[in-house]
Number of protein chains: 2
Amino acid sequence: MMHHLLTYLRSLAPLSDESWQLLQPALKRKQVAKNELLLKEGAVCQSLYFIEKGYCRSYYLADGLEKNTGFFFENDIATNISSFGSGQPSEYFIAAGEPLEVIVFDKQRLLEAGKKAPEIETAGRCCIRLFASKQEAFSSLFQLYTAKERLAAIEERYPFMLQRVPLTQLASFLGVARETLSRIRSRRHL
Amino acid sequence: MMHHLLTYLRSLAPLSDESWQLLQPALKRKQVAKNELLLKEGAVCQSLYFIEKGYCRSYYLADGLEKNTGFFFENDIATNISSFGSGQPSEYFIAAGEPLEVIVFDKQRLLEAGKKAPEIETAGRCCIRLFASKQEAFSSLFQLYTAKERLAAIEERYPFMLQRVPLTQLASFLGVARETLSRIRSRRHL
DNA sequence: AAAATGGTGTGACAATTATCACAAAATGCC
DNA sequence: GGCATTTTGTGATAATTGTCACACCATTTT
């Protein structure tokens, strides 16, 4: 049960069996159907989602159009870190892109567990730090590279994204028109 | 002494006078001349920098050109969160854009202080969370907006950036050619 | 089987941007 | 002040991208 999560947490920081037990009340397994929402715009994010299977995406709704801003796959933590941290309402949605199996961390119970076991506090800090690192890495993709290079970087670093994410969603993530991405891709395959 | 930092930390989480005292050994004030480096590419980031005065910028060096990826002003924390967290060498530089007065958090001593006072651990977590939020906010700027809109968003949310950051640096931050940014700006002032 | 749906490829044209070249303005230095 | 260096503005042109329109394909629905 929840092996992947335990492995994930132990890869970040030491975690005794006792701490792991203390963490259990904060955890709950959940299944989410494709296209269902994990977080709605306007709602406060009360959870971290550790992804066991499937993927989800975060997106803004602007002028009726979805603009994807992030994708989260197996062994990632998905959340709105800003809303989760500050208690402010979320400005974007998080939805399942495939049938999803996640482990939900409840914020309140996580804080309580953190008070009982400093190791949990430390693990939480490491999760957030890793989340921040990924955010930073994605962010620099945009500042360092052109759309063409961004696609190449995605192909190299996150090849599974191209297999599993519809081109239309990927285009809005990369910040180019769907047609342009289609052309970039066909140019590359010559 | 260090009033701003104390105010900053207390805005994030409760911090007793005792914890604040325990934190002191991890802190050191430092002055940095304009264009001097806080972090070199290839070096491991061992510090957080709380900015009291001035600003600094992070940039990659690609093909001999500087590509700016972040700007940090008064009451910000500047660091390479990824290198700081993982101990891996930094892929980018951090340099003073103005004469800089910072308070340096030493990583080792910060960890030691965190062990003595859980409040410090919590404060550290909040700092990182805030850092992650800012990172995310900047990142979404690129995915949601065109270059023109990005400039408008910067003007609105971070007006001091336009006053203090040279246009050339801002252009590479926004991901457009210097000439284009100059034209966008002149079009806006009609 | 036909029709509807969602996702993708492609052509044509307009709009935007990058690039190169150079002028003008601002800044720092002696 | 005057000179050198850095920074910013502007024109011309090529390249890239967005937009609109529609075709194509696979899957699902009726």
Side-chain angles (χ1 to χ4, degrees), chain A residues 33-36 54-57 59-68 71 95-99 141-155 160-190, chain B residues 33-36 54-55 57 59 61-68 71 95-100 141-155 159-190:
Chain A
K34 181 174 173 178
N35 294 325
E36 256 185 51
Y55 81 89
C56 58
R57 65 193 172 94
Y59 63 94
Y60 285 76
L61 211 53
D63 308 323
L65 292 177
E66 294 181 0
K67 298 230 182 180
N68 296 96
F71 291 91
E98 292 175 355
L141 267 186
F142 284 85
Q143 290 158 321
L144 295 177
Y145 304 123
T146 64
K148 203 180 300 182
E149 293 167 330
R150 285 202 288 275
L151 178 60
I154 297 274
E155 281 181 322
F160 42 87
M161 272 184 73
L162 295 174
Q163 309 299 325
R164 295 165 69 181
V165 176
L167 177 140
T168 305
Q169 285 176 22
L170 197 62
S172 96
F173 175 71
L174 292 176
V176 295
R178 179 185 62 76
E179 296 90 334
T180 304
L181 182 57
S182 173
R183 287 181 181 117
I184 289 174
R185 198 161 71 166
S186 64
R187 263 182 260 156
R188 291 180 56 78
H189 290 318
L190 296 181
Chain B
K34 181 174 173 179
N35 295 326
E36 256 184 53
Y55 81 89
R57 64 192 172 96
Y59 63 95
L61 211 52
D63 309 322
L65 292 176
E66 294 180 1
K67 298 230 181 179
N68 296 95
F71 291 91
E98 291 176 356
L100 205 57
L141 268 186
F142 283 87
Q143 288 159 322
L144 294 177
Y145 304 123
T146 64
K148 202 181 298 183
E149 292 167 331
R150 284 202 288 275
L151 179 61
I154 297 273
E155 280 181 323
F160 42 87
M161 270 185 73
L162 294 173
Q163 308 299 325
R164 295 164 69 180
V165 175
L167 176 140
T168 305
Q169 286 176 20
L170 198 61
S172 94
F173 175 71
L174 292 176
V176 295
R178 180 185 61 76
E179 296 91 334
T180 303
L181 182 58
S182 172
R183 288 181 180 116
I184 289 174
R185 196 162 73 168
S186 65
R187 263 181 260 157
R188 292 181 55 79
H189 290 318
L190 294 181

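Reminder, nothing fancy here: chain letters follow the sequence lines and each chain counts from 1. Everything numeric in this text was worked out from a predicted model, so none of it was measured.
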Peer 1: Working to the nearest 0.5 Å, report the span between CD of A:Gln169 and CG of A:Asn68.
Peer 2: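 CG of A:Asn68 is found 5.0 Å from CD of A:Gln169.
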Peer 1: Check this one for me: any side-chain N or O of A:Thr168 less than 4.0 Å away from OP1 or OP2 of C:dT8?
Peer 2: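 So the side-chain polar atoms of A:Thr168 do come within 4.0 Å of the phosphate oxygens OP1 or OP2 of C:dT8, strictly under.
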Peer 1: Whole angstroms only, please: what is the NZ-C1' distance between B:Lys67 and C:dA18?
Peer 2: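 After rounding, the gap between these two atoms is 12 Å.
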Peer 1: If I take atom CD in residue B:Gln163 and atom P in nucleotide C:dA26, what distance separates them, rounded to the nearest angstrom?
Peer 2: 15 Å
Peer 1: Using whole Å, report how far CD of B:Glu66 lies from C1' of D:dT6.
Peer 2: 13 Å
Peer 1: Counting only non-hydrogen atoms, which of residues 171-183 of chain A are less than 4.0 Å from DNA chain C?
Peer 2: A:Arg178, A:Glu179, A:Ser182, A:Arg183
Peer 1: Whole-Å distance between C:dA18 C1' and A:Tyr145 OH?
Peer 2: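 Answer to the nearest Å: 20 Å.
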Peer 1: Would you confirm whether A:Arg150, through its side chain, and A:Tyr145, through its main-chain N or O, come within 3.5 Å as a donor-acceptor pair?
Peer 2: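 Answer holds: yes.
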Peer 1: Quick one: A:Leu65 CG to D:dG18 C1', roughly how many Å, whole number?
Peer 2: 13 Å
Peer 1: In Å, rounded to the nearest 0.5 Å, how long is the span from CZ of B:Arg57 to CD of B:Glu66?
Peer 2: 4.5 Å
Peer 1: Could you tell me whether the side chain of A:Leu181 reaches within less than 4.5 Å of the side chain of A:Arg178, counting heavy atoms only?
Peer 2: no
Peer 1: Let me confirm one number: the CD-OG1 distance from B:Glu149 to B:Thr146, rounded to the nearest 0.5 Å.
Peer 2: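 The CD atom of B:Glu149 sits 3.5 Å away from the OG1 atom of B:Thr146.
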Peer 1: How many angstroms lie between atom CZ of A:Arg185 and atom CG of A:Leu162, to the nearest 0.5 angstrom?
Peer 2: 7.5 Å
Peer 1: Figure out the CD/P separation between A:Gln169 and C:dT8, and round it to whole Å.
Peer 2: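 Between P of C:dT8 and CD of A:Gln169: 9 Å.
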Peer 1: Quick one: pull up CG in A:Leu167 and CG in A:Leu174 and give me the separation to the nearest 0.5 Å.
Peer 2: 9.0 Å
Peer 1: Angle class for the A:Phe71/A:Tyr55 ring planes (parallel below 30°, perpendicular above 60°, tilted otherwise)?
Peer 2: tilted
Peer 1: Might you list the N or O atoms of the protein lying below 3.5 Å from N or O atoms in nucleotides 28-30 of chain C, with each pair's distance?
Peer 2:
none

Peer 1: Parallel under 30°, tilted from 30 to 60°, perpendicular over 60°: which one fits the rings of B:Phe173 and B:Phe142?
Peer 2: perpendicular
Peer 1: CD1 of A:Ile184 versus P of C:dG9: gap in Å, rounded?
Peer 2: 12 Å
Peer 1: Measure CZ/B:Arg164 against P/D:dT7 and give the value in whole Å, please.
Peer 2: 17 Å
